[in-house]
**Student:** 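Pasting in a structure now, in structure tokens, and then I'll have a few things to ask.
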Protein chains: 2
Amino acid sequence: MGYLVSTKGRYALRMMLDLAENSGGNYVPLKEIAERQDISLKYMEAIMPNLVKAGLVSAVQGKGGGYMLSKDIDEYSVGEVLRASEGSMVPVACLEGGFECPRSETCKTRKVWERLDHMIDDYLDSLPLSELLERGPWTA
Amino acid sequence: MGYLVSTKGRYALRMMLDLAENSGGNYVPLKEIAERQDISLKYMEAIMPNLVKAGLVSAVQGKGGGYMLSKDIDEYSVGEVLRASEGSMVPVACLEGGFECPRSETCKTRKVWERLDHMIDDYLDSLPLSELLERGPWTA
DNA sequence: AATATTGCCTACAAAACTGATAGGTAATTA
DNA sequence: TAATTACCTATCAGTTTTGTAGGCAATATT
């Protein structure tokens with residue numbers, strides 16, 4: 001078994017939350033996030049571009065630059081952050097896009113995976129990122 | 001991202017279904033299952049012992065031997081078969097047993113994973129293996 | 001203009017995991 | 001005795017994960 005969500009996705013979530021809490025309308029340099037979150041700066045440098053490409057975060061280069069959320073925190077879902085950083089997020093190889101399993105027509109187990117996948121997506125996509133903040137109901 | 005369920009679990013499910021359909025109270029040799037399911041015999045030899053150890057399947061060595069389900073097909077859940085073959089089945093490393101993440105007390109994302117894990121287990125554990133058979137409502 | 005800061009890009013790599021394969025041993029029946 | 005079958009250990013190629021290293025490009029401050 002592998003993990004549905006790897007460090008890429010988990011770190012991305014923490015980076016987004018860090019931005020929400022520590023940017024005050026300003027751009028936050030990655031170095032600061034790295035220190036606060038105790039995540040390798042160089043590794044985050046590999047994760048951030050995915051969030052930028054997906055339009056979740058805006059970046060500015062040069063001195064005084066850094067990253068900033070491009071929407072209000074409660075407009076994000078956990079699912080969209082994870083998908084942007086993980087690339088793909090399915091529970092079994094059978095469901096991987098751009099690939100049709102030759103057994104899919106007669107396979108008795110396929111529906112199990114399809115429903116499982118749907119359930120996972122539903123949960124993560126309907127969960128607002130803002131729920132995870134201190135002020136959210138979960139930690140109250 | 002990795003896959004929550006690998007070939008180990010997927011093959012195990014197909015092997016159990018094959019046993020349900022093709023054993024008529026008799027022990028079925030692995031070689032037959034390998035041919036019907038088109039799965040490597042040697043690979044299955046690595047998977048079966050896990051199902052035996054978990055008590056899901058009983059084995060008899062020697063000529064005329066093989067494997068047989070130890071319960072009626074509708075007494076199994078998909079979840080117990082997967083757990084027996086996969087060993088562990090959690091969506092993120094944070095939840096791996098025998099290991100306590102030092103951040104777990106203050107981590108804002110942990111509850112996401114706990115709920116996700118619970119949801120997945122609930123679904124798979126409440127799904128009877130017999131649902132996947134031809135006669136099940138899914139393929140009707 | 002010079003300098004410091006910051007994001008961005010490519011390449012590399014150790015470790016672990018996946019998906020097997022190979023070969024031999026033990027048990028059981030015909 | 002011979003054939004069949006499960007069981008056990010070791011090996012292994014390929015991929016993925018989790019980073020690291022180094023330099024280039026852009027921008028603000030001085």
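Order of the sequence lines fixes the chain letters, A, B, ..., with proteins taken first and strands second; residue numbering starts at 1 for each chain.
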**Student:** Can you name the closest pair of heavy atoms from Leu4(A) and Met1(B) and give their distance?
**Tutor:** O-CG, 2.8 Å

**Student:** When you group the ILVMFWY residues by side-chain heavy-atom contacts below 4.5 Å and let the links chain together, are Val60(A) and Met15(A) in the same group?
**Tutor:** no

**Student:** For nucleotides 11-13 of chain D, print each protein N/O atom paired with a nucleotide N/O atom at under 3.5 Å, atom names and distance only.
**Tutor:**
none

**Student:** Rounded to whole Å, please give me the gap between CG in Leu4(B) and C1' in dT18(C).
**Tutor:** 15 Å

**Student:** Partners of Ala54(A) by side-chain contact (heavy atoms from CB on, under 4.5 Å), sequence neighbours excluded?
**Tutor:** Leu56(A), Ala84(A)

**Student:** Is it true that Asp38(A) and Arg103(B) make a salt bridge, defined as a side-chain N closer than 4.0 Å to a carboxylate O?
**Tutor:** no

**Student:** Residues two or more places apart in sequence or in another chain: which of them pass side chain to side chain donor-acceptor pair (under 3.5 Å) with Ser6(B)?
**Tutor:** Glu86(B)

**Student:** Can you give me the N/O atom pairs linking the protein to nucleotides 2-6 of chain D at distances under 3.5 Å, or say none if there are none?
**Tutor:**
{"from": "dT4(D)", "atom 1": "O2", "to": "Lys63(B)", "atom 2": "N", "distance (Å)": "3.1"}
{"from": "dT5(D)", "atom 1": "O2", "to": "Gly62(B)", "atom 2": "N", "distance (Å)": "3.4"}
{"from": "dA6(D)", "atom 1": "OP1", "to": "Leu30(B)", "atom 2": "N", "distance (Å)": "2.8"}
{"from": "dA6(D)", "atom 1": "N3", "to": "Gln61(B)", "atom 2": "NE2", "distance (Å)": "3.1"}

**Student:** Between Tyr11(A) and Gln37(A), do the side chains contain an N or O donor and an N or O acceptor separated by less than 3.5 Å?
**Tutor:** no

**Student:** With sequence neighbours left out, which residue pairs that include part of residues 56-72 of chain B fulfil the side-chain hydrogen bond (donor to acceptor under 3.5 Å, both in side chains) condition?
**Tutor:** Lys71(B)-Glu80(B)

**Student:** Send over the distance from Tyr43(B) OH to dC17(C) C1', rounded to a whole Å.
**Tutor:** 10 Å

**Student:** Given that Met1(A) and Val52(A) both sit by DNA chain C, which one's nearest nucleotide is further toward the 5' end?
**Tutor:** Val52(A)

**Student:** Less than 4.5 Å apart, any side-chain heavy atom of Leu133(B) and any of Ile73(B)?
**Tutor:** yes

**Student:** Going by the rule side-chain contact (heavy atoms from CB on, under 4.5 Å), which residues pair with Ser40(A) if we only count those two or more places apart in sequence or in a different chain?
**Tutor:** Lys42(A), Tyr43(A)

**Student:** Whole-Å distance between dG23(C) P and Lys42(B) NZ?
**Tutor:** 9 Å

**Student:** Whole angstroms only, please: what is the CE-C1' distance between Met44(A) and dT18(D)?
**Tutor:** 14 Å

**Student:** Is there a side-chain polar atom (N or O) of Thr7(A) under 4.0 Å from OP1 or OP2 of dT18(D)?
**Tutor:** yes

**Student:** When the distance from CD of Glu96(B) to C1' of dC17(C) is rounded to whole Å, what number comes out?
**Tutor:** 13 Å

**Student:** Looking at residues at least two apart in the chain, or sitting in another chain, which of them share a side-chain contact (heavy atoms from CB on, under 4.5 Å) with Asp117(B)?
**Tutor:** Val90(B), Pro91(B), Leu95(B), Asp121(B)

**Student:** Any side-chain N or O of Tyr11(A) below 4.0 angstrom from OP1/OP2 of dG19(D)?
**Tutor:** yes

**Student:** If I take atom CD1 in residue Ile39(B) and atom P in nucleotide dT18(C), what distance separates them, rounded to the nearest angstrom?
**Tutor:** 17 Å

**Student:** Please evaluate the base of dG19(D) for a donor-acceptor partner in the side chain of Lys8(A) within a cut-off of under 3.5 Å?
**Tutor:** no

**Student:** OP1 or OP2 of dT21(C) versus the side-chain N and O atoms of Ser40(B): is any pair under 4.0 Å?
**Tutor:** yes

**Student:** Who passes salt bridge (Lys or Arg N to Asp or Glu O under 4.0 Å) against Glu114(B), sequence neighbours left out?
**Tutor:** Arg110(B)

**Student:** Measure the distance from CE on Met48(A) to P on dT6(C) and round it to the nearest whole Å.
**Tutor:** 14 Å

**Student:** Could you pull out every donor-acceptor pair under 3.5 Å between side chains of residues 24-36 of chain A and any protein atom, sequence neighbours left out?
**Tutor:**
{"from": "Arg36(A)", "atom 1": "NE", "to": "Asp18(A)", "atom 2": "OD1", "distance (Å)": "3.2"}
{"from": "Arg36(A)", "atom 1": "NE", "to": "Asp18(A)", "atom 2": "OD2", "distance (Å)": "2.9"}
{"from": "Arg36(A)", "atom 1": "NH2", "to": "Asp18(A)", "atom 2": "OD1", "distance (Å)": "2.8"}

**Student:** Grab the N/O contacts between the protein and nucleotides 10-13 of chain C below 3.5 Å, and write none if there aren't any.
**Tutor:**
none

**Student:** With sequence neighbours left out, write down each residue that passes salt bridge (Lys or Arg N to Asp or Glu O under 4.0 Å) with Arg14(B), or none if nothing qualifies.
**Tutor:** none

**Student:** In whole angstrom, give the distance that lies between atom OH of Tyr3(B) and atom P of dA16(C).
**Tutor:** 22 Å

**Student:** How close do Pro128(B) and Ser126(B) get, heavy atom to heavy atom, and via which atoms?
**Tutor:** CD-O, 3.3 Å

**Student:** Where does DNA chain C form stems of at least three consecutive Watson-Crick or G-U wobble pairs, each pair having both distances below 3.5 Å?
**Tutor:** C:1-30 with D:1-30

